[in-house]
There are 4 protein chains.
Amino acid sequence: MPKVVPEYKEEAKSRILDAANRVFAEKGYHEATMDDIAKRLGVSKGAIYLYFSSKEDLFEAMCKTAPQAFKEILYSSFGNEANPIQSATEFFDKMLKLSASDPGLSFEILSEASRNPALKRILKRNHAEYEEVLTGFLTEGRKRRIVGDNVDIRPLANSLIALWNGLETLLVSGLSIDEARSAWLEALKAIFMNQHTANHNPQDRPSRPASKTG
Amino acid sequence: MPKVVPEYKEEAKSRILDAANRVFAEKGYHEATMDDIAKRLGVSKGAIYLYFSSKEDLFEAMCKTAPQAFKEILYSSFGNEANPIQSATEFFDKMLKLSASDPGLSFEILSEASRNPALKRILKRNHAEYEEVLTGFLTEGRKRRIVGDNVDIRPLANSLIALWNGLETLLVSGLSIDEARSAWLEALKAIFMNQHTANHNPQDRPSRPASKTG
Amino acid sequence: MPKVVPEYKEEAKSRILDAANRVFAEKGYHEATMDDIAKRLGVSKGAIYLYFSSKEDLFEAMCKTAPQAFKEILYSSFGNEANPIQSATEFFDKMLKLSASDPGLSFEILSEASRNPALKRILKRNHAEYEEVLTGFLTEGRKRRIVGDNVDIRPLANSLIALWNGLETLLVSGLSIDEARSAWLEALKAIFMNQHTANHNPQDRPSRPASKTG
Amino acid sequence: MPKVVPEYKEEAKSRILDAANRVFAEKGYHEATMDDIAKRLGVSKGAIYLYFSSKEDLFEAMCKTAPQAFKEILYSSFGNEANPIQSATEFFDKMLKLSASDPGLSFEILSEASRNPALKRILKRNHAEYEEVLTGFLTEGRKRRIVGDNVDIRPLANSLIALWNGLETLLVSGLSIDEARSAWLEALKAIFMNQHTANHNPQDRPSRPASKTG
DNA sequence: TATGAATGAGTGTTCATTCAT
DNA sequence: GATGAATGAACACTCATTCAT
């Protein structure tokens, strides 16, 4: 590691976080040792403690940065006004690639969080952000008549997040990717398409009902 | 522990599993010690090893029995022909009570499973059973015209399971119970009610009624 | 170590304390490792933790038992009505033998105690006992006219204890044993003999008040 | 730290020693880290190693300078011809103030010295100096008839030093300051006053006055 | 001279597992 | 079957010391 640069400390932290992310993802919080992380970086154990005060501290820091990728996918998929099913498909495929490298990290985080209030707070903050993105997306969707007026947007945003999270649990439980994708799309279709149907009288989009029943 | 009875071995195992379940639920897999479990039972540490070859073995055995309660709730809520929203509400409230006692155990299991094929297989088996119950429920719902013909039942069953699992993740992330309930019901409403709405607008989609009764 | 005996636990504790005493005496609190103590006993490190919850706990327990030998010497030297100079000589020689095996242990204890209130309390309790023995001895001495009426006994008891403790510091500082013995006896002589001289006026001591006020 | 000055090296050393003294006094040798000392000085850890080769080296150097304050008090209290009780009282009060800031440092030093010959030599040198001061004082006292001819001065000097050192051990063991002062004065009184008393009873011991004025 | 990032050996402590009784 | 004392392999964390800058 080069030194003396002013942003060096941040650079170093970020390299450690990166290594930590990979090691925790591979081995889980408890199985991963500080030595594993240090070795991954080609650095001595002690060096990590120059930047993080404890394993727990490192883990929490990692939890703060981990959802960055998630957020990016969320924004890129749902941040625009695309067709929701298309957005959702895009989201699904991107997320799948992401979580492939993280088999169980999120569950490790969740199980820790269930007993660690500090971690819980971090997750809450992250969740608030996800919720906001989706709420914005759905609000926009309502304007565009893709989402019905009778829909309570915030809860629905939460249920979309829950749905994705839940599919991750099923993937770990052996559900195939195709099955997961079907489940994801079927649910999305049920949520968005039916709304559409109900809200929109056929003359509005004559081709859709046909394709459904057909 | 009483002795000599023939089914004694099974009885003993089951008592240990029960204690393990409670202790793992309270403390998580890694924080729980064999001693904790033994003490909960009023038995010596060594005794557990007469019935289970290792902590991991015990944990896996517990994972096999753990979903019993879940299954019971699933059956009692979705095993009949009730109104789906009502079933779902019932399910939600019962599940909430259940998972209150085991804040993060399911995540612990999932994170282990992501690295432990044996555990993964167990989860898969469990999931298959859940899927079956819900598939049955939805199939029945289709007959009763609550679920549309255009719906692909198996994926929807999976997405319902995913939805619940995902809500658990959000509860750990600090979502309030009321928010979770709203999300759950809003999603269910979106899935079922719109169908319902659609069903009650025959003139709207003339082809539907036919396929429903058929 | 044999097992199952009821007093086994106490026996084991006492063996560990003995080893700890020796190792701490040889290496000092900080340089001594739990492994050192375990190896001295021919036992694994973990075994010690079955009987003592931490190194500190072990050290404190040792501090409680360490003065046993000191007390015995104190009683055997000052518990009777012997001539004080003779008692003191006896005390000196016995103590010397004792502390030869403990070069700096008592200072280790004192330096820890200066920052550890629990340890301080233990030392206080021990000191109270020493004080009592010497107070008894001096009170007896007063009856026997070896100690003057004008002497405040408790403070003098303390100063005798201090004197011994202080000689130990000088021994560590390189004072020879003979010099230490001379210092000890010279002080004792000054304290007791002068009294003696003063006290034993033949006529005999209606003059005491007089001698005091000069 | 300013630079380039010729005596700079000594100046720097002395500043480090000062910081070391304070930190070691506060935390004890083992708990104090090189970083603590460096930070106290506002200097980097590495800087200390330019002046001292190791922590041990620094500690030993500090031990050499540490008794400076002690010596000053010793001289100012016992360096003159005052009444011994008054000198002793003065000494006690000054020393108390001094040792209040370093609760257990001297014991730390002693316990190290018991295993470190180099340190032992330093202590011996210091002790020799103390002994000399007190021997001078007592010799002077003899001339002034405060100290009896029958007294062996060097041992008594040692016992006075021992007495003070020992009182420090008792203070750590929980003896109150007042009790310590009483013990100190009672012993001093026993040593000096009885002599004194004897001196002021000419008719009592006719031989004494002669030797006194002689 | 001075810095401070990096090292790496070392230590207290835990705990799953074993085994003599 | 059951016990619980003992093991021993880990692991998080610390800190004196070094050295490139």
Side-chain angles (χ1 to χ4, degrees), chain A residues 1-5 8-9 12 30-38 41-58, chain B residues 1-4 8-9 12 30-39 41-58, chain C residues 1-5 8-9 12 30-38 41-58, chain D residues 1-4 8-9 12 30-39 41-58:
Chain A
M1 287 202 217
K3 297 171 200 179
V4 200
V5 210
Y8 175 65
K9 198 134 191 167
H30 289 96
E31 307 304 326
T33 72
M34 292 301 264
D35 236 0
D36 289 333
I37 297 169
L41 255 169
V43 142
S44 78
K45 200 168 28 170
I48 298 179
Y49 285 91
L50 293 174
Y51 301 93
F52 298 94
S53 65
S54 67
K55 190 185 183 185
E56 194 178 329
D57 183 32
L58 175 57
Chain B
M1 280 201 235
K3 301 176 194 179
V4 201
Y8 175 60
K9 191 137 191 170
H30 289 95
E31 307 304 327
T33 72
M34 293 300 264
D35 233 7
D36 289 333
I37 297 168
K39 263 169 200 148
L41 253 167
V43 142
S44 81
K45 221 179 348 182
I48 298 178
Y49 284 87
L50 294 172
Y51 300 94
F52 298 94
S53 67
S54 69
K55 190 185 184 186
E56 196 179 328
D57 182 30
L58 175 57
Chain C
M1 289 201 215
K3 296 172 200 176
V4 200
V5 210
Y8 176 63
K9 197 132 192 170
H30 288 97
E31 306 304 325
T33 71
M34 293 300 264
D35 235 3
D36 288 333
I37 297 169
L41 255 168
V43 142
S44 78
K45 207 169 21 169
I48 298 178
Y49 285 89
L50 294 174
Y51 302 93
F52 298 94
S53 66
S54 67
K55 190 185 183 184
E56 194 179 331
D57 183 30
L58 175 56
Chain D
M1 282 203 234
K3 301 176 196 180
V4 202
Y8 175 60
K9 191 135 189 169
H30 288 96
E31 307 305 326
T33 71
M34 293 301 264
D35 234 8
D36 289 333
I37 296 168
K39 263 170 201 147
L41 252 169
V43 140
S44 81
K45 220 178 351 180
I48 297 178
Y49 284 88
L50 295 173
Y51 301 93
F52 297 94
S53 67
S54 68
K55 190 186 183 186
E56 196 178 327
D57 182 31
L58 175 57

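Keep in mind that the numbers below use all heavy atoms, side chains included, and drop hydrogens, waters and symmetry copies. This structure is a prediction, so every number in the text was calculated from the model and none was measured.
C:L58 CG to C:E56 CD: the interatomic distance, rounded to the nearest 0.5 Å, is 11.0 Å. To the nearest 0.5 Å, the span separating CD1 on D:I37 from CG on D:L41 amounts to 9.0 Å. Atom NZ of B:K9 sits about 7.5 Å away from atom CG of B:L50, to the nearest 0.5 Å. Distance check: B:K45 NZ to B:M34 CE gives 9.0 Å after rounding to the nearest 0.5 Å.
Between C:Y51 and F:dA5 there is no side-chain polar atom (N or O) within less than 4.0 angstrom of OP1 or OP2.
The side chain of D:L50 lies closest to E:dA2 when the candidates are F:dA6, F:dA2, E:dA2. The side chain of C:S44 sits closest to F:dA6 out of F:dA2, F:dA6, F:dA5.
The distance between atom CD1 of C:I37 and atom C1' of E:dT13, rounded to the nearest whole Å, is 14 Å. As rounded to whole Å, 10 Å separates atom P of F:dA6 from atom CG of C:L41.
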Quick one: what's the B/S/- string for nucleotides 11-18 of chain F, heavy-atom cutoff under 4.0 Å, read 5' to 3'? SBBBSSBB

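Here B:S44 pairs with nothing under the side chain to side chain donor-acceptor pair (under 3.5 Å) rule; sequence neighbours left out. The side chain to side chain donor-acceptor pair (under 3.5 Å) search around D:D35 returns none, not counting sequence neighbours. Listed by chain and number, the residues in a side chain to side chain donor-acceptor pair (under 3.5 Å) with B:S54 amount to none (sequence neighbours excluded). Shown here are the side chain to side chain donor-acceptor pair (under 3.5 Å) partners of A:S53, two or more places apart in sequence or in another chain: A:D57.
Stretches of at least 3 consecutive Watson-Crick or G-U wobble pairs, with each checked distance under 3.5 Å, appear in DNA chain F as E:2-21 with F:2-21.
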